[in-house]
Amino acid sequence: MEQLIPIASKLQDVFGALGQSTTIDLPQVVVIGSQSSGKSSVLESIVGRSFLPRGSGICTRRPLVLQLFNTSPHAAAASDGIGSDGLGGGEGDGELELRPGDEWGEFLHMPGKRLYDFNAIRSEIVRETERSTGKNKGISAHAIHLKICSPRVLHLTMVDLPGITKVAVGDQPEDIEVQIRAMCLNYISNPNAILLAVTAGNTDLANSDALQMARSVDPDGNRTIGVVTKVDLMDSGTDATEILQNRLVPLRRGYIAVMNRGQADIVKDVTIRVGLRKEMEFFRSHPAYRHLQHRCGTSNLAKSLNGILMHHIRDCLPEIKNRILNMMTDIQLELEAFGSTSHDKSGSVMGGEMLRLLSKFSSNFAACIEGKGTSSEGAEMNELYGGARISFIFNDVFARSLMAVDPFDGLSDDEIRTTICNANGPRRALFVPEISFDLLVRRQISRLEQPGLQCVDLVFDELQRMASQCEPTEFQRFPELRERMVETATSLLRRCVQPTQLMISNLVKIELSYINTSHPDFIGGSKAVARLMGRLTEERERTTPQGQRKTPKMNGSKMGESTSADLTSHFDAEHEDLLDDEHDGGLLNFIFRGKKDQKRVSNGRGFRSPGPPSIVQLPQVPDTMRQTDLPTDRERIETEIIKSLIESYFCIVRKNFIDMVPKTIMYFLVNHSRDSMQNELVSELYREANIADLMREAEDIAQRRKTCHEMRELLRKALDIVNEVRDFNTFK
């Protein structure tokens with residue numbers, strides 16, 4: 001399973017070159033800890049060379065993705081022992097002698113350039129850090145990718161992060177702690193990451209920032225390893241045995257103690273190999289750690305990391321393989337959309353391809369309307385799509401809006417009263433004038449035209465939306481053809497809109513041309529009067545005490561068939577209070593007009609003022625006359641009757657309109673554009689003289705096709721790397 005680690009490192013390179021590093025979460029070891037806790041020293045000990053920036057304060061100011069490759073010709077050397085560098089636990093007499101050029105580093109931002117001088121690697125890290133963060137301790141979340149190749153390292157992929165700090169210094173922002181914690185969480189939240197929580201041994205483990213952050217994303221400790229540094233700096237009489245025995249803050253994978261080079265050793269330029277020897281001797285000779293050799297030393301840390309990472313990669317490879325296959329499928333579909341180059345194709349071949357594209361678009365458009373199509377983004381699974389959106393406009397937008405329209409919107413009782421008065425002309429009519437109902441109901445019916453025309457516009461917009469969604473991906477290659485196709489399709493839809501709107505207007509004109517008062521659903525005059533009388537009776541019964549109620553006598557067998565005399569006697573019996581001397585009378589005056597007027601005149605004789613008669617002066621007649629007095633009982637009753645008739649007839653027309661508008665739109669606009677789309681496109685676009693111009697590829701298509709080919713090859717390479725695991729029996 002040792003070869004699983006280079007598989008992950010190769011995949012890291014492949015997807016880094018693709019710019020897809022965030023698409024596939026490759027397994028890696030993430031190092032976190034407080035500032036000056038020894039994270040960088042741990043990494044240098046694992047590599048065996050000093051190459052990271054050192055100094056006081058914050059040194060790591062950008063994430064460092066470090067890939068370690070073992071270049072030993074014998075793979076077993078990487079796991080069984082590689083000499084006195086301490087990584088394999090070998091003795092000094094078994095050192096692996098290095099020749100110039102056996103170790104080197106390579107940055108991803110400097111591809112192909114090997115740096116054999118590790119001081120140059122340190123300088124490049126500093127230079128690249130200062131390029132984006134400045135020279136005054138600023139930080140950046142943009143990672144630096146470094147690959148170290150050496151026969152002295154194990155196959156590991158690690159990420160070194162800036163140390164957690166509390167107080168901002170230099171150019172650091174005031175929320176430096178929040179930014180660093182957010183940066184660390186961005187890496188450790190990856191469920192495929194192994195967390196290396198570094199804590200200094202001379203500090204209280206309960207105050208460890210690294211363990212706190214690790215526990216926040218890995219509460220069960222399944223992917224967290226504790227590293228205790230600076231155990232040689234602990235006070236006399238104290239040691240880290242309780243931590244190493246996993247008693248203090250237990251971790252599922254336990255703790256490993258390491259001893260890094262001190263600042264004095266760095267000043268004296270003590271090499272890593274010498275430092276590792278001193279570390280090995282320290283743990284072997286220390287009485288507290290002598291019996292815990294398997295939990296001490298950089299070599300054991302590297303081996304533990306390697307084993308954990310191998311098992312982790314083994315579990316993650318199936319998912320990685322599935323993601324690679326999905327990416328390859330997407331790239332293949334894009335390549336198929338780009339097709340082959342059209343420079344060498346004949347006119348007949350290009351013409352055939354054009355006809356195929358136009359036919360495919362027309363079929364997609366028809367299928368989308370009928371509900372048989374699918375979108376490339378899978379929108380039909382999350383929202384209404386295609387013809388269902390038109391149905392939504394018909395039922396949930398148009399019909400619901402019309403049903404919410406009040407038959408008397410924009411029509412007040414005073415306007416109805418004035419219209420009735422105008423319809424009477426110079427004299428009072430015996431009955432409610434029919435012309436007033438005709439005028440008022442026409443006015444309300446005409447209000448339905450505008451919503452119908454708006455419904456046409458909404459469906460037109462949806463058809464344009466569907467046309468854009470139905471474009472085959474191949475149209476990306478031919479921008480001129482796509483532009484002309486969109487123009488032709490839009491022109492067809494616009495031509496269909498005009499007759500549709502004309503038919504909607506005609507529907508309203510048809511209703512206005514003849515007010516059918518004989519409609520079986522129309523309430524009619526007698527029923528309107530009967531309904532009004534019934535409502536007045538109910539109001540009378542609610543307001544009159546039980547003992548004072550009078551029983552009305554109706555001569556008609558049915559309420560709807562009452563004669564005028566019946567209505568008059570009923571009105572006399574129930575509503576005598578409405579017929580006072582201050583009004584012209586109510587419904588009684590429909591038949592018996594003038595009785596009380598005569599009585600008033602006769603009663604008025606004999607009351608004359610003494611003296612000579614005065615001259616009567618009439619007031620000035622206004623230019624605009626409006627009824628200002630309160631409506632009489634007769635006028636109120638006439639208004640209610642007219643309103644009942646208007647409401648009844650308006651509901652009939654509205655019901656017909658809600659039914660006919662969708663049918664009109666479907667026939668004149670939707671179905672006609674669907675059936676005529678292909679013929680329209682072919683007749684307008686398929687002309688031999690224009691084929692070459694329309695089928696000319698976009699300038700960037702060739703480059704995009706080349707990029708897709710390269711990405712497909714890189715993905716195939718990544719898939720081959722993953723398939724290497726099949727040579728090992730790792731899935732037992």
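Numbers for residues simply follow the sequence, beginning at 1. Both backbone and side-chain heavy atoms feed into the values below; hydrogens, waters and symmetry mates do not.
Take Gln450 and apply the side-chain contact (heavy atoms from CB on, under 4.5 Å) test, not counting sequence neighbours, and it matches Leu453, Gln454. Residues that satisfy the salt bridge (charged side-chain N to carboxylate O under 4.0 Å, His left out) test with Arg443, not counting sequence neighbours, are Glu415. Every residue was checked against the side chain to side chain donor-acceptor pair (under 3.5 Å) condition with His519, not counting sequence neighbours, and none meets it. Checked against side chain to side chain donor-acceptor pair (under 3.5 Å), Ser673 has no partners two or more places apart in sequence or in another chain. The side chain to side chain donor-acceptor pair (under 3.5 Å) test applied to Glu713 returns Arg716, not counting sequence neighbours. Partners of Asp457 according to the salt bridge (charged side-chain N to carboxylate O under 4.0 Å, His left out) rule, which considers only residues two or more places apart in sequence or in another chain, do not exist here. In terms of the side chain to side chain donor-acceptor pair (under 3.5 Å) criterion, residue partners of Asn395 (sequence neighbours excluded) are, by chain and number, Ser391. Asp675 is linked by a salt bridge (charged side-chain N to carboxylate O under 4.0 Å, His left out) to nothing, counting only residues two or more places apart in sequence or in another chain. In this structure, Arg494 has no salt bridge (charged side-chain N to carboxylate O under 4.0 Å, His left out) partners at least two apart in sequence or on a different chain.
The stretch residues 357-369 participates, sequence neighbours left out, in these salt bridge (Lys or Arg N to Asp or Glu O under 4.0 Å) pairs: Lys360-Glu474. Every pair passing salt bridge (Lys or Arg N to Asp or Glu O under 4.0 Å) that includes a residue from residues 495-505 is listed here, sequence neighbours excluded: Arg495-Glu680. Pairs passing the salt bridge (Lys or Arg N to Asp or Glu O under 4.0 Å) check and including a residue from residues 653-666, sequence neighbours excluded, read Asp659-Lys663.
Here the side chains of His672 and Tyr667 are not in contact, with every heavy-atom distance at 4.5 Å or above. Looking at Thr707 and Met711, their side chains come closer than 4.5 Å, going by heavy atoms from C-beta outward. Using a 4.5 Å cut-off on side-chain heavy atoms (C-beta onward), Ile646 and Leu411 make contact. Proximity of Val486 to Glu471: side-chain heavy atoms (C-beta onward) are separated by under 4.5 Å at one or more points. Here the side chains of Ile390 and Leu463 are in contact, with some heavy-atom distance below 4.5 Å. Leu185 places a side-chain heavy atom less than 4.5 Å from the side chain of Ser216. A 4.5 Å side-chain heavy-atom check between Cys496 and Phe668 finds every atom pair outside the cut-off. Side-chain atoms of Phe437 and Ile515, non-hydrogen and from C-beta on, do get closer than 4.5 Å to each other.
In this structure, the separation between CG on Asp461 and CG on Leu458 is 6.5 Å, given to the nearest 0.5 Å. The distance from atom CG of Asp521 to atom CG of Asn516, rounded to the nearest 0.5 Å, is 10.5 Å. Here Met466 contributes atom CE and Leu493 contributes atom CG; the two are 9.0 Å apart, rounded to the nearest 0.5 Å.
Between the side chain of Ser648 and the backbone N or O of Ile523, at least one donor-acceptor pair lies under 3.5 Å. Checked by atom type and distance alone, the side chain of Asn186 never pairs as donor or acceptor with a backbone atom of Ala182 at under 3.5 Å.
Within 6.0 Å of atom CZ in Arg447, more than 12 heavy atoms from other residues, nucleotides or ligands are found, so the atom counts as buried in its surroundings. Counting heavy-atom neighbours within 6.0 Å of Gln498 CD, excluding the residue itself, gives a total of 12 or less. For CZ of Arg62, the number of neighbouring non-hydrogen atoms (other residues, nucleotides, ligands) closer than 6.0 Å is greater than 12.
Taking the six-membered ring for Trp and thresholds of 30 and 60 degrees, Phe522 and Tyr649 have ring planes more than 60 degrees apart, a perpendicular arrangement.
Between Ala193 and Arg223, the shortest heavy-atom distance links the atoms O-NH1, 2.9 Å.
Glu684 has no carboxylate O lying under 4.0 Å from a charged side-chain N of Arg484, or vice versa, which leaves the two without a salt bridge.
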